[in-house]
Structures are given as C-alpha cells and as structure tokens.
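Report on one structure; see the data block that follows.
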Amino acid sequence: MSTPYPFTAVVGQADLRLALLLNAVSPAVGGVLVRGEKGTAKSTAVRALSTLLPQVDVVPGCRFSCAPAAPDPACPDGPHEPGPGSTRPARMVELPVGASEDRLVGALDIERALAEGVKAFEPGLLADAHRGILYVDEVNLLHDHLIDLLLDAAAMGASYVEREGVSVRHAARFLLVGTMNPEEGELRPQLLDRFGLTVEVAASREPAQRVEVVRRRLAYEDDPAGFAARWAGDENEVRARVVAARALLPQVVLGDTALLQIAATCAGFEVDGMRADIVMARTATALAAWAGRTTVLKEDVRQAALLALPHRRRRNPFDAPGLDEDKLDEILDRFPDEEPEPDPEPDRGPDPDADPDSEGPDDNGGGPDGGGGVPPQSGGPQGSDAPADSTDTTGPTETPAEAPSDAPESPQPSAQDAGGPEQAAVRAAEPFRTKMLSVPGLGEGAAGRRSRARTAHGRTTGAQRPRGHLTKLHLMATVHAAAPHQRARGRDGRGLVIRKDDLRQATREGREGNLVLFLVDASGSMAARQRMSAVKGAVLSLLLDAYQRRDKVGLITFRGATAELALPPTSSVDAAAARLEQLPTGGRTPLAAGLLKAHEVLRIERLRDPSRRPLLVVVTDGRATSAGTAAGRTDSTPRELAGRSARLLQAAGVASVVVDCESGPVRLGLAGVLAADLGGPAVTLDGLRADSLAGLVKNVRTAVTSDSNRRAA
C-alpha cells in the first residue's frame with residue numbers, strides 16, 4: 001500500500017483544509033464540493049484526510065460495517081448477535097466517473113433471485129464507504145442518475161435497491177467529497193444545493209509559496225515513508241484535535257442570536273429553500289467545536305456563510321458563485337454577539353498561529369486550518385493569493401451604447417462587408433426560453449435531455465440477449481424464453497427453472513446529450529449594434545438550453561478572411577458564454593471558411609466520441625462576401641463556395657439548423673438558401689422563442705424529408 005501524502009504537509013489551501021476538517025468533526029454538515037483549476041492539490045488533500053479520521057469499530061465479517069454497539073437492524077448480513085467488535089481504519093472509497101449503477105449501489109443476482117427466491121446481494125461502493133469517505137473526482141462528469149442516487153443516499157443515510165420485486169436496504173452514512181474543474185462543465189443548481197459546503201481553490205501566485213509546494217512534493221516522491229514520518233507528529237496532533245472536537249460537539253450551544261444571524265443571512269442573500277439555514281447552523285456549530293468553544297460566535301456564522309452560501313447563490317449557469325462580504329458584514333452587524341461565558345482553554349497541541357510560509361517539517365502553513373482556533377475569514381480561495389477572476393478577459397472592452405450604429409441593410413454589400421473596421425464587442429440581450437431542436441433518428445450517446453436514444457434509463461421498448469453483465473432484466477421476456485423448456489429441464493415444483501441463456505435484457509429509450517456546435521457570423525454585415533446584441537442573446541439562450549439538456553458545446557466564429565475555433569467542444573457551457581461576450585465584429589463574410597471549419601471540427605470529434613451525435617447551429621444572415629483562406633480555389637463565387645461547403649456537411653449526415661439574423665425592410669432570403677443546402681430548417685430570431693407564434697420545425701428529420709420531397713417534385 002502506498003504512503004499517502006500527509007494532510008498537514010499541504011501548503012496553503014486554508015479554506016479547503018478547513019472545510020474537510022469541519023466535515024470530519026461533524027459529518028452532518030453534508031460534504032464538500034471542491035471547485036478549482038487543475039493541479040491545486042484537490043485530490044491530494046481529500047485522500048490525505050482519511051488518515052486523520054478516527055478508527056471505527058465494526059462487526060466482524062459484516063460487509064456493511066455495522067457498529068457492534070448499535071448494529072443496523074435491517075442489515076442484509078444481520079441480525080448481528082451482541083459481541084466484541086474489531087477495529088479498522090476509516091475507509092476512503094473512490095467512485096470512478098465511468099462507474100455503473102450496479103457498482104455504486106450494489107448488484108442483485110437475478111438468476112438466483114428468480115430460481116431460488118433468495119436475495120443474493122453483492123454490496124456496492126455505497127456500502128464500502130459506510131462510516132468513511134466517499135470521494136468522487138470530476139463529479140461534474142458523473143452521469144446525472146448516478147449523482148441523484150449518490151446524493152439521495154447521502155441525505156437519507158441509507159441505500160435502497162429495488163429491482164424486479166426484490167428489495168434490499170442498508171445503511172450508508174459517509175462523508176461525501178466531490179472535486180471538479182469548472183472548465184469541464186457545471187453541476188445543476190439543484191445538485192449543487194445538496195453539497196453542504198463548497199470551496200474555490202486556485203494555485204498561489206506567491207513565488208515563495210510555490211517554491212515550498214515544489215520542495216515538499218519532490219521530497220515526498222524521493223522518499224514517501226520518510227517524508228510522512230517527518231510529519232507524523234503534526235498528523236497525530238490534528239487527529240487528536242478532530243477526536244476532541246467530535247467529543248465537544250454535543251455540548252456546543254447554538255443560541256438565539258446565532259440563529260437570527262443565520263436566518264437573516266440566508267434571507268438577505270435570497271437563498272432558495274431552508275437547506276442553507278440548516279447547513280449553516282451545523283457548520284457554525286462544528287466551527288465552534290473545532291475552536292474549542294461551546295458557544296457559537298458571529299465569526300463562526302460568518303465563516304459558515306462563506307463556505308455554505310456561494311454555490312447556492314447561482315441563479316443560472318452563467319452566474320459565477322460568490323458572496324458579497326460587505327453585505328454579509330452589514331447583515332451580521334445587526335445582531336451583535338452576547339458576551340459569552342469564558343470557556344476553559346482545551347489542550348490544542350502546537351501553536352496554531354505559526355508562520356504559514358516557514359520551511360521545515362514543523363510548518364503549520366500546511367496545517368489543518370491555516371489560522372488556529374479562529375478560522376480564516378477570507379471569502380475567496382487562498383485569500384490574497386487567489387488569482388484574478390477567471391472571467392476577466394484581455395479582449396476588447398465594450399463601447400458606449402451611444403456609439404453610432406450601422407446603416408440599414410440593403411441588397412448591396414455594405415462597407416463593412418467590403419472590409420470595414422472591427423467593431424468592439426457588445427453585450428448580449430436578455431436570454432429567453434427557446435424551442436426544442438433535436439437530432440433525427442435513435443442514438444446511443446451519453447445520457448441527456450435532447451434527442452431520442454437507447455439509454456440505461458427510460459421507457460422500456462423491447463428485450464434482447466444481454467451483452468455482458470445483465471443490468472436491467474426484462475421479466476416477461478425471460479419467462480417466455482424459459483417456459484418452453486420446463487419439462488425438458490425436469491421441473492417438478494412451482495418455480496421456474498431458469499438458466500443463464502433465458503435471461504433477457506430490457507432495451508430502453510430515453511434522451512441523449514448531443515454536441516451542439518455553434519457557427520456564428522461575426523462579419524461586418526452583422527455589426528449593427530442592436531442586431532448583434534439580439535444575435536448574442538439568441539445564442540446565449542441556446543447555450544442555456546444546451547446546459548439544461550446536458551450537451552457538449554463548441555463555438556466557431558468567422559469574419560474577415562478566416563474562421564476561428566473560439567471554443568473547442570466542451571461540457572462547460574459558461575465558458576462558451578464568456579467567449580461569446582468577448583466576440584467583436586467587422587470585416588467580410590467568409591461563410592465557406594466557417595462551414596469548412598465546422599466540418600473539420602465535427603470530423604475530429606466523431607473520432608474522439610463516435611457515440612455523441614452533432615447538431616450544427618449556424619447563426620448568420622446568409623451573406624457570403626469572401627471566399628476566405630480555406631476554400632482553396634478562385635473560379636467560384638463566395639456564394640457558390642458556401643453552397644458547396646454546406647452540401648458537404650449534409651453529405652456527412654450532420655443535422656443542422658440555420659438561425660436567420662437578417663432584418664430590415666429589404667430581405668434577400670439567403671439564410672433560407674443556406675438551410676436548404678445544409679438539409680435543415682431555417683428559423684428567425686423571433687421564431688426561436690418557445691412562446692413565439694412562428695412555427696419551428698422541432699426535429700431536423702422533418703425538414704430533411706420536406707426538402708427531399710420538394711426536390712423530387
């Protein structure tokens with residue numbers, strides 16, 4: 001077994017270490033979600049925490065880690081007779097992103113259940129994690145149905161398996177820790193709310209601290225056992241402090257003043273529901289116990305708010321989590337603390353206020369709370385070491401709204417089409433709910449909410465022989481397969497004689513997520529300020545729809561002479577929104593270059609993820625005034641090159657829809673021509689709204705069929 005990196009040797013990351021330790025003191029806090037860029041010791045800190053948890057007493061031979069003093073009466077391995085237990089370290093169980101439902105909750109032996117009528121149950125990871133830590137790296141990439149099962153078990157303290165009339169329940173109380181990189185996609189708001197605390201982490205920008213990180217890491221890799229031995233004293237002290245805080249926790253008093261501070265804070269920040277109030281109360285109590293106090297103070301409530309509320313403030317996926325600390329202080333100042341009774345000073349081990357940047361094995365900068373009994377009061381990761389907001393850009397800034405707008409459209413090419421100056425980025429209009437766009441046919445991609453697909457969950461449509469391990473039994477099909485052979489198999493009782501060849505897997509139809517690739521015209525013909533604002537608002541609305549339907553998204557823009565992949569396909573929809581906000585306009589319209597760029601991106605993505613079907617959304621007025629650098633020939637007009645490029649995408653089977661951005665009294669209808677070449681529908685900006693009276697073809701297949709019929713006629 002490899003030697004884990006010591007928890008107290010982690011440099012910086014005070015909020016992360018504090019949040020983990022508070023959950024170790026009080027698992028009822030509800031777990032931790034750690035958000036941050038790659039390479040910030042997220043996984044290292046979580047794995048190191050397991051060594052600080054007290055050992056657990058278990059019933060010998062129980063696969064579900066029942067406590068000898070209070071065994072679970074419903075334990076599948078029970079009932080347990082009273083007797084001495086055995087002691088083992090607390091487990092840290094990792095849930096892989098690609099895990100199946102059976103691996104998470106456990107699996108039933110369907111064949112034995114049908115033939116023998118016994119509950120032959122193989123425990124899953126939830127049972128292994130009972131009374132320990134369940135760690136999910138890249139939790140935002142986990143399938144939604146697995147996240148639902150995971151969070152339900154964490155909330156109820158039990159796991160339920162209900163399949164084909166066989167029911168199993170077992171205890172599942174664990175410390176849930178998830179880590180994620182927001183660049184790879186966000187969790188849904190209702191799932192964010194289920195995590196008790198959240199922490200934003202980032203690498204320090206202080207050279208001295210970065211040097212210390214490298215020094216310690218290299219020392220650990222050279223001699224893991226020796227490095228751990230040098231930190232063993234600090235580890236034992238923190239372990240003892242966790243045990244002491246757990247013992248003190250029932251004595252902590254949450255007074256009326258603290259409750260008023262918590263309620264006023266949650267109400268002042270307009271947090272939905274009551275879960276935030278409960279989590280804040282539990283966190284403030286744990287903070288007091290960690291500090292060795294039996295009274296909750298205002299500083300505990302403040303730190304609890306900084307850990308429990310930021311992720312609950314997100315109203316849509318494009319909002320950055322955070323909390324206004326000035327407003328928080330203003331709310332808390334309305335309810336001053338009462339003068340507390342002096343508490344006896346407990347033995348807390350070494351001086352918690354040691355210099356966090358000092359070198360050597362006694363450096364408490366890698367200690368448990370980065371600030372001793374009083375937790376750090378910084379609102380962001382690493383305090384002043386945190387980098388600037390990742391949403392800040394170095395692109396062009398917005399220009400005032402009173403900047404002169406372009407002239408109305410006319411059939412003749414505008415000055416901007418001829419290569420006018422670049423226009424600065426404008427803000428997107430307010431997003432709206434869009435109509436449904438989907439890919440035709442039946443796919444087999446990742447679970448989502450857009451297009452029809454064969455999925456593990458959904459409506460049962462038939463049965464087939466299982467490919468590998470049986471996961472979803474089709475009971476009637478299995479009975480039909482076994483019934484003709486009962487006499488030959490010597491059946492002499494009421495039960496069926498079932499063999500493995502009789503088992504049938506249920507085939508189900510649900511919804512999949514797609515790759516939605518946006519191809520946005522940023523040329524001069526789109527540069528009218530009000531018009532571009534409406535276009536960005538429409539794309540933002542489609543991005544919000546893609547987020548809700550669990551799609552991957554990509555963004556290509558074209559203007560001047562080239563097309564640019566502004567955002568490679570990703571699950572981070574808010575990253576696409578940030579790129580869209582920076583988008584400037586101006587120059588000619590190389591429509592063919594944009595279409596060829598889309599063809600190239602989709603070809604590469606098909607090799608990387610062949611099961612995820614694409615949907616191309618072209619946002620343009622249909623004009624083509626430049627051949628661009630990708631066309632490679634000059635004997636055709638830009639319009640002809642664009643048509644040829646569009647038909648190339650249609651021949652590749654790419655489902656497409658064109659959002660027609662043309663406006664003004666004179667319209668050329670070029671977007672409709674482009675849609676016909678792509679074999680998909682065209683919809684105006686107004687027709688894209690879900691509440692619009694304008695008709696929108698919801699399924700691209702309908703448009704393809706109509707186009708084929710029109711050409712045949």
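Just so it is clear, the model here is predicted, and its values are computed rather than measured.
Atom CG of Leu249 sits about 5.0 Å away from atom OG of Ser26, to the nearest 0.5 Å. Remark: Leu95 CG to Leu146 CG distance equals 7.0 Å, nearest 0.5 Å. Atoms CZ and CG, on Arg549 and Leu544 in that order, are 10.0 Å from each other to the nearest 0.5 Å. In this structure, CZ on Phe195 lies 5.5 Å from CG on Leu151, to the nearest 0.5 angstrom. Rounded to the nearest 0.5 Å, atoms CD1 (Ile147) and CG (Leu142) are 5.0 Å apart. For the atom pair Met280 CE and Leu254 CG, the distance stands at 10.0 Å (nearest 0.5 Å).
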For this session: Starting from the C-alpha separation in whole Å, work towards a yes-or-no answer on salt bridge (charged side-chain N to carboxylate O under 4.0 Å, His left out) for Arg241 and Glu237.
Result: CA-CA 6 Å; Arg241 187 173 174 184; Glu237 289 162 2; over 6 Å; no
For this session: Just do the side chain to side chain contact (heavy atoms under 4.5 Å, CB included) check on Leu503 and Ile498 with the steps written out, would you?
Result: CA-CA 8 Å; Leu503 300 178; Ile498 302 292; 4.0 Å; yes
Problem set entry | Derivation of the side chain to side chain contact (heavy atoms under 4.5 Å, CB included) call for Phe7 and Asp234 | CA-CA 9 Å; Phe7 186 85; Asp234 290 344; over 6 Å; no
For this session: Give the intermediate values and the outcome of side chain to side chain contact (heavy atoms under 4.5 Å, CB included) for residues Met274 and Asp277.
Result: CA-CA 5 Å; Met274 295 298 298; Asp277 302 64; 3.9 Å; yes
For this session: Assess whether side chain to side chain contact (heavy atoms under 4.5 Å, CB included) is satisfied between Leu22 and Thr283, documenting all intermediate values.
Result: CA-CA 7 Å; Leu22 291 178; Thr283 305; 3.9 Å; yes
Problem set entry | side chain to side chain donor-acceptor pair (under 3.5 Å) assessment of Ser451 paired with Asn514 | CA-CA 7 Å; Ser451 304; Asn514 297 113; 2.7 Å; yes
Exercise. Where do Arg613 and Glu444 land on the salt bridge (charged side-chain N to carboxylate O under 4.0 Å, His left out) test, with the steps shown first?
Worked result: CA-CA 9 Å; Arg613 298 186 295 163; Glu444 294 183 347; over 6 Å; no
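The closest side-chain donor-acceptor pair between Thr8 and Glu235 falls under 3.5 angstrom. Between the side chains of Gln13 and Asp15, not a single donor N or O lies within less than 3.5 Å of an accepting N or O.
Listed by first and then second residue, the salt bridge (charged side-chain N to carboxylate O under 4.0 Å, His left out) pairs involving residues 280-292 amount to none (not counting sequence neighbours). Applying the ring pair (Phe, Tyr, Trp, His ring centres under 6.0 Å) rule to pairs touching residues 29-77 yields Phe64-His170, sequence neighbours excluded. Within the structure, ring pair (Phe, Tyr, Trp, His ring centres under 6.0 Å) contacts touching residues 65-96 (residues at least two apart or in different chains) do not occur. Residues in residues 132-141 take part in no salt bridge (charged side-chain N to carboxylate O under 4.0 Å, His left out) pair, two or more places apart or across chains.
For Glu509, the side chain to side chain contact (heavy atoms under 4.5 Å, CB included) partners are Leu442, Arg452, Arg459, Thr461, not counting sequence neighbours. Applying the ring pair (Phe, Tyr, Trp, His ring centres under 6.0 Å) test to Tyr135 and every residue at least two apart in sequence or in another chain returns nothing. The side chain to side chain contact (heavy atoms under 4.5 Å, CB included) test applied to Arg275 returns Asp193, Arg194, Val279, Arg312, not counting sequence neighbours. By the salt bridge (charged side-chain N to carboxylate O under 4.0 Å, His left out) test, Asp57 pairs with no residue at all, sequence neighbours left out. With sequence neighbours excluded, the residues that form a salt bridge (charged side-chain N to carboxylate O under 4.0 Å, His left out) with Arg47 are Glu94. For His130, the ring pair (Phe, Tyr, Trp, His ring centres under 6.0 Å) test picks out no residue, with sequence neighbours left out. Under the salt bridge (charged side-chain N to carboxylate O under 4.0 Å, His left out) criterion, Arg465 pairs with no residue, sequence neighbours left out. In this view, Arg88 satisfies the salt bridge (charged side-chain N to carboxylate O under 4.0 Å, His left out) rule with no residue, not counting sequence neighbours.
Under the 4.5 Å side-chain criterion, counting only non-hydrogen atoms from C-beta, Lys42 is in contact with Val201. The shortest side-chain heavy-atom distance between Cys75 and Arg63 does not fall under the 4.5 Å cut-off. The closest side-chain heavy-atom distance from Cys266 to Leu309 is below 4.5 Å. Contact annotation: the side chain of Asp609 never approaches that of Leu515 to less than 4.5 Å [non-hydrogen atoms, C-beta and beyond]. For the pair Leu18 and Leu287, the minimum side-chain heavy-atom distance is below 4.5 Å. Between Phe227 and Tyr5 there is a side-chain heavy-atom pair separated by less than 4.5 Å. No side-chain heavy atom of Leu33 sits under 4.5 Å from any side-chain heavy atom of Leu197. In this structure the side chain of Thr179 never reaches within 4.5 angstrom of the side chain of Val139, judged on heavy atoms.
With Arg504 contributing its side chain and Asp501 its backbone, the two residues share a donor-acceptor pair below 3.5 Å. Side-chain N or O atoms of Asp152 include none that pairs as donor or acceptor with a backbone N or O of Leu149 at under 3.5 Å. Distance alone, capped at 3.5 Å, places no donor-acceptor pair between the Thr40 side chain and the Gly36 backbone. Between the Asn23 side chain and the Gly31 main chain, a donor and an acceptor come within less than 3.5 Å of each other.
Scanning both residues, Thr507 and Ala463, for their nearest heavy atoms gives OG1-N, 3.6 Å. When all heavy atoms of Ala228 and Pro6 are compared, the closest pair comes out as CA-CG, 3.9 Å. Closest approach of Ala24 to Leu175, counting heavy atoms only: N-CD2, 4.4 Å. The two residues Val25 and Arg246 make their nearest non-hydrogen contact at O-CG, 3.4 Å.
Test Val243, Leu49, Leu52, Thr51 against Val238 for side chain to side chain contact (heavy atoms under 4.5 Å, CB included) and you get one pass: Leu52. Just one residue in the list Asp128, Leu126, Ile133 forms a side chain to side chain contact (heavy atoms under 4.5 Å, CB included) with Val93, and that residue is Asp128.
Salt bridge absent: Glu512 and Arg612 never bring a charged side-chain N and a carboxylate O closer than 4.0 Å. A salt bridge does not link Asp551 with Arg449: every distance from a Lys NZ or Arg NE/NH1/NH2 to an Asp or Glu carboxylate oxygen is 4.0 Å or more.
Within 6.0 Å of atom CD in Glu81, 12 or fewer heavy atoms from other residues, nucleotides or ligands are found, so the atom counts as exposed in its surroundings.
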